[in-house]
Structures are given as C-alpha cells and as structure tokens.
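Taking it in order: structure first as structure tokens, then the write-up.
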Amino acid sequence: MTQRPPEPDLLPGMRRTVRDSRAKAAATRARKATEVEPAATDPVARVLVEVPLAHLDRPFDYLVPTAMADTAVPGCRVRVRFAGQDVDGFVVERVATSEHGGRLSPLRRVVSAEPVLTPAVAALTAAVADRYAGTRSDVLRLAVPPRHATAEKQESPPAPAPVVDLDAARSAWAGHEPGAAFLDHLAAGGSPRAVWSAAPATDWPLLIAHTCAATYAAGRGALVCVPDHRDVDRVAAALVAVLGEGHHVALTADLGPSARYREFLAVSRGARRVVVGTRAAAFAPVRDLGLVVVWDDGDDLHAEPRAPYPHTREVLLTRAGLEGAGVLVGGFARTVEAAYLLRSGWAHELAAPRDLVRQRVHVAVAGASDAELRRDPLARAARVPAQAHDTIEEGLRHGPVLVQTPRTGYVPSLACERCRTPARCTACAGPLALRGPTDPPRCRWCGTDDPAWACPTCGHRGLRAPVLGDHRTAEELGRSFARTPIRSSSDDRVRATVAARPEIVVATPGAEPVAEGGYAAVVLLDTWLPLARADLRTEEEALRRWVNAAALVAPGGRVLAVGDPAHPALQALVRWDVAGFAERETTQRVEAHLPPASRMATITGEPGAVDDAITLLAAPEAAEVLGPVDLPDGECRVVVRVPRAQGPALSAALHELQRVRSARKLDAVRVQVDPATL
DNA sequence: ATGACCAATTGA
DNA sequence: CAATTGGTCATG
C-alpha cells in the first residue's frame, strides 16, 4: 500500500468527521434503544459479564426488551454487547431503575431462561471472590457447570416424600458424643456447628447420611463434600440406605457435561435437596440449605487448583454463614483449621470417648527410635520387622490385612550404594527409578534407560534403593506369604473395596480399598518417609494418612506402624489422640503467627511485577511482607501475613491490588490467599 | 481486552 | 512541526 501524506488541513476536518460519525453511531444506537420497547416491569437487568478483568468484575445495567420480559429472569444466562463485543453473562437482578447515568444497551439475547445462578450462590461467589481476591467470573466458572441444551429440555422429576427414621440416626451416632443432640438440633430446624473426629472403624458415610436425613426431616437441604469419587459413591450408597432412592444427587467431575448439567438442574430446580459431591459441589444450589458437611478436610483434593484456589472447607463455612446452615467438619484426623473452630468456640466437638476408641483399635509401633539408632548404629531398623510379619500373619487368620506403603512404583528412587548421592538421569538430570525386578534404571521424567549408570561423585557403579514402592513391597510380601493372595491399590489402579477373606492388600495413602467388615489388621510401613518432608503440615498430613488407613480396621482390629516410637506423630497415632495432636499443632501455629492464627497470601510473578505489586498493596498496618524469594522458574514470590482478625482487610487490599493492576494493564501477578502449601 | 484520548517525548 | 509512545479512562 502506498503511503500518501495526508493533506494538513484535512486532518482537523477528518477528526471532526470521525467524531460526527461516532456521534451518529451513538444516535443510531440510541434510536435503536428507544425503538426497543422496554419491559413493563423491572426493565433493567443487572448483568455480571464474563470478562476476565478484575476491574470489570461488577454488574452492569442493561435494558430488558419486552420480548425478553419473562425470560430474562434473575440467574439466567444472557448475551450482551459489552465494550463493542458480544459477551456472555448472568442476570443477577431485575430492577425498576438504573443508577447508571448514560443510556442502557438492550440485552442481545436470553441464552436460556433457566435460573442457574440462584441468589444464594450469587452471594456466595461474591464472598468467595472477596476472600480469595479473585474475580467473580473465575468463581462462577467453578460454581455453574456449562450449559447442555438437551439436558435442559428434560424435566427433573420431583423426589418422593421423605420418610426419616430419627431413632435409627440416633443409634448410628451412639458412641459419638453428643451425636444425638446434634441430630435433634438439625431435625428441629436448627443450625448446629460441630467438628467431628470419627472413631476408628466408624461407618462414617452412614453417619453423615443420617445427619442429612435429620436435616431433610426439618424440610431443609443438605450438602456433603468429600475428597474423591470413591467417597462420593460410599456416601451416595449410604443416602440410599437411609432415605431410599430418588432423594439425592451425586455430583462429580467425571460425570460428563450432559449428566453433570442434568444433576445440577435437579438441584437448582429443587427436585433434589440432598447433594453429595467432590469440591465443585460446594457451590451446588441446594434449596433451603440446612447443613453443610465436609469430610476429611485435610485432604489436598479439597483445595481447588484453579484460580482463585478456594478450599472446600472455607467455601462451605462461608456458605453456612450466609445461608444460616448447620456445619459438620468431620474426619478421622483433625486439621489445625478444624481445631481452631473449636478453640474459638465457633463449633462444638463431636467425638468418641476414650473407652470406645480403645475397644475399636489397638495401635502399636515397631522400630528403633532415633535415639537408639544413634547409640547403636548397627541396630538398623528392618523395613518389615518381625513384629510386622507377625501382625500380618495373625491378621490373615481372621480376614484381610492392609499394608500401607507411602510410595508408588517398584523402586521409585535410587542412590549410589557407596556415597548415597541420588542417581540422576544423564540426559535430563531427572530421578532414576526401577520399574521391575529385571528392568534397567530408567529416568522418571524423560523415560531414558541408563543401564550403565556410574556415580558422578565417586565413580561407583552399585545402586541402592533408599525407598521402595508398593509393587516391590507386594513382591516381598509375596515371598514371605507365598500362599496368600496379594492385591495392590495405588494411583494407577485404585481398588474401591475388597472382600472379607484373608488376603494382603498393599496400598498407597489415599488409595486404600475399604474392606467388607473391616481389615483384621493394618500395617503402616516406612512412616519416616512422610515425616521427612519439610512443610508446615508435614506431621499433620502424615498422621492424617495413617489414621485414614488405620480407621479401616474391623472393630477390635490391630494396627502396627513401623517407625520411631518416640516421634510425636506416631505417639498421637498410638493413643489415637487426633484432637490433642491438632490442639498442640494449633498452639504452635498461634505462637509462630502461622495460619490459622494468621492469614497468609502469596504474590507470585516476574520479579519486577511482584516488586511493584508490593509497593501498590495497601496492606493493613500489621502486615508483614516476607521475601521476595526467587523460584526455580525465574519468577519470584513474596508472602504477606496478617493476624487473623485482619484477614478480610488483607483480602480486600489484595482484591483492590488486582483491580488496579488490571485497569492499568500492568503485568499480571498471581495472588493466592491461604495457599494449601508453601 | 479493546479502543479512544490526551500529553509527553522523539525525530527530521 | 509531525509522529510516536505511554498513561489513563471507560466499557451499561
């Protein structure tokens, strides 16, 4: 194209022409807008537009044309013209007049009159976005599943009339005090709040189902969030056992778009009032919510990996606060957050008396303490000591035996036999592992075989296995118990249940199958390994994994942990003192100004961007800024910490920071409030 | 994001 | 002096 210099005296004129044509376009729009007949009642729709920008994260007003008067209902999906583009949004409200001074654009289209965003969930998404300093559109994506037109055409048949047996509920809860009072309170339409530490060998899905039934009996809905799909299936089965078919829905991520939307609609239409699901279900639009339940809130599956990274427990607690619902935070283990709810008096405790716990399980530890090993280095603890062997053998006389081993694979990591330098891949420096008894060392990252490995430090060619995986454990146990069937359940192939017959089940944490009637014995191997991590939650997490496996015993069953009997986490396991352990951890956290006594947030991004984010951040007075520290990927991170009482102020400051940065088109930084790990 | 506008800076 | 660049503002 040839560049012709514009005639100088044409330019002002051109500008005027541009302005004229813009004015004309505006006039045309205005004419069109007036041509559109506004709805007779509440002609203004307040719309949350789906744009990813923090500073546009508020409702905008649009004119409702007569033709859409009855379909543009609060909560429905619409398409609107926004900043010159067609974008999707939700109507959050219909009002008579607009605060907006200018002329309103009409709604382009009502995508569907289905009110998928209920007022309660709309308020919840706002509260969650505030708490996590994220955008509402991000939270809305987590809360409302994608539309499926076919599913929307189908009706949601109503649930049958509920028949609730409160006596059955009370007797199921017998042993957990004051379980009956909790149930009665729910059945009377109250909203009690409790932190529940389930006794070992408790059929927790059944007890949870009974709390839902008690709530349902009072005419209110209930919502249960559990870590994974297998737990959803168990609670769903218990709900059928307690309430019968047709009262609940199960919401999981692996349903597929059509089924997921169908189940969601059954809830939003009020045809189902009891919901069990994984973390996304925390936003399910249950009508008249009377109870929220989170099971095993320490499981990291409850931490949403997508922005703004909300945690199921926090979403549910927020929700209970907004909707006046009761709360049950349950688990075999107890998180410091749950302990804090008790300490602050916000929730009551539901627990089993010592006697019952002692009847249910006998826990022992086998192994030399660190102190003993220091005194006598030759007293090397065997990985499967004789005592563990005996426990398995004895258990097999009565039923299945669970062996928990912390790592997946055969030999998941290798080191030089002589100098103990970790063996790394020559191609990519990834960790070398063995996949089977006869396989050569192979890189876990790039898959390259390295049959001729030699130690780069000392030249030695021998390898040792500092850690063994579940496959190798199964192989070893197969040799020791030659006539016993051995099953594996780990990441790659998780088994949901095993029958009540003598067999050895080797499983990794979180993948333990449930045994019919419970395991005769549970053996926990390599307890030192989960304790070797350097993290705020190391001990809490280790104990959680152990008690979750140990709780699968049959009443009166035996548990043996192989490790250092002097370690506080193992002592807590032996005494089954999850409450005391969580209480002590909480005290330490309070003293060290760590969550949940403080609220922490991280800001991550390019060093320059993080740097001016801190400058821009109007953090509360008491805020401490720790860092920045450089991360391996060239980014850097700061931690901001405030006392718990100033948590909302910190969230607000971070939220405002994101709005300002977004408006000024500054480089994005990632903000995480209460990150799951540090 | 996208676009518009204004002011300051750069360059011939 | 014109052209370019950068910051600010608004999006209904």
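Every chain is numbered from 1, with letters handed out A, B, ... down the list of sequences.
Scanning atom types as modelled, no donor and acceptor separated by under 3.5 angstrom connect the side chain of His55(A) and the base of dA10(C). For dT11(C), its base never sits under 3.5 Å from the side chain of His100(A) at any donor and acceptor pair.
Residue pairs satisfying the ring pair (Phe, Tyr, Trp, His ring centres under 6.0 Å) criterion with at least one member in residues 47-88 of chain A, sequence neighbours excluded, are listed as follows: Phe60(A)-Phe82(A). Sequence neighbours left out, not one pair with a member in residues 628-649 of chain A passes ring pair (Phe, Tyr, Trp, His ring centres under 6.0 Å). Contacts classified as side-chain hydrogen bond (donor to acceptor under 3.5 Å, both in side chains) and involving residues 267-289 of chain A (residues at least two apart or in different chains) are given here: Glu114(A)-Arg269(A), Ser156(A)-Arg269(A), Arg279(A)-Glu304(A). Counting only residues at least two apart or in different chains, side-chain hydrogen bond (donor to acceptor under 3.5 Å, both in side chains) contacts with residues 628-642 of chain A comprise Glu624(A)-Arg641(A). Pairs of residues two or more places apart, or lying in two chains, that qualify as side-chain hydrogen bond (donor to acceptor under 3.5 Å, both in side chains) and include a residue from residues 602-617 of chain A are Asp612(A)-Arg661(A).
Set against dG12(C), dA1(B), dC9(C), the side chain of Leu53(A) has dA1(B) as its closest nucleotide. Nearest nucleotide to the side chain of Tyr62(A), out of dC9(C), dG12(C), dA1(B): dG12(C). Among the nucleotides dA1(B), dG3(B), dG12(C), the one closest to the side chain of Ala83(A) is dA1(B).
Near-neighbour residues of DNA chain B inside residues 68-80 of chain A, defined by a heavy atom below 4.0 Å, are absent.
Using a 4.5 Å heavy-atom cutoff, the side chains of Val80(A) and Val87(A) are in contact.
Atom-to-atom, NZ of Lys665(A) to C1' of dT11(C) comes out at 11 Å; the value is rounded to the nearest Å. In this structure, the CZ atom of Arg664(A) is 13 Å from the P atom of dA10(C), given to the nearest Å. Distance Phe60(A) CZ to dA1(B) P: 15 Å, rounded to the nearest Å. Summarising the geometry, the separation between CG on Asp86(A) and C1' on dT2(B) is reported as 14 Å, rounded to the nearest angstrom. Distance, Arg661(A) CZ to dA1(B) P: 13 Å, rounded to whole Å.
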